[in-house]
Amino acid sequence: MDKDFFDQALLKAKEAFDVARKKTTDVVSIQRQRFEVTSLTAKMEKDYAELGEIFFEQIKDSEDMPENVRLLVEAIQEKIQRISELNLEIAQTKNKKVCPDCQGFSENNARFCSHCGAPFEEE
Ligand SMILES: [Zn+2]
C-alpha cells in the first residue's frame with residue numbers, strides 16, 4: 001500500500017468522524033435549545049395568565065372596553081359563575097362548606113376556611 005493512499009484514507013476517515021461528531025453535537029444542542037424554548041413558553045404563558053388576571057380585575061366593571069375584550073371578560077365571568085355553582089353542588093354532596101374567596105372546601109362547622117383562613121359568615 002503506498003503512503004499517499006494510506007494518508008488519503010486516514011484523512012477521509014477523520015473527515016467522516018468530524019462530520020459525525022458535529023451531527024451529534026448539533027442534535028444535543030438542538031435538544032437543549034428546544035427544551036429551553038418549551039420551558040420559556042410555559043413560563044411566558046404563566047406570565048400572560050397572571051397579567052390577564054390583573055387586567056381582568058382592573059377592567060371587569062368598566063362600561064367602556066373594546067368589543068373583543070368585553071367578550072373575553074364575559075366568557076371568564078360565566079366560567080367563574082359556573083365553577084362557583086359546581087363547587088357549591090360538590091360541597092353540598094360532601095357535606096362541606098365552600099370558601100367564597102378561594103373556593104376551597106372546609107368542614108361544615110368550620111368558622112374559618114382551612115385553605116386561606118378567610119372567616120365564614122355566620123349563618
Ligand atoms: Zn378560602
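Indexing begins at 1, ligand by ligand and atom by atom, following the structure's order. The structure displayed is predicted, hence computed values, not measured ones.
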Ion pair present between [X] and [Y], side-chain N to carboxylate O less than 4.0 angstrom?
X	Y	result
Asp7	Lys3	yes
Glu107	Lys96	yes
Lys22	Asp18	no

Angle at the Zn ion (ligand 1): provide the value between SG of Cys116 and SG of Cys102, rounding to 10 degrees.
120°

Just to confirm my numbers, could you give the angle made at the Zn ion (ligand 1) by SG of Cys113 and SG of Cys99, rounded to 10°?
110°

For the residue pair Gln77 and Gln81, confirm or rule out a side-chain donor-acceptor distance under 3.5 Å.
no

Within the stated cut-off of 2.8 Å, is an N/O/S atom of His115 closer than that to the Zn ion (ligand 1)?
no

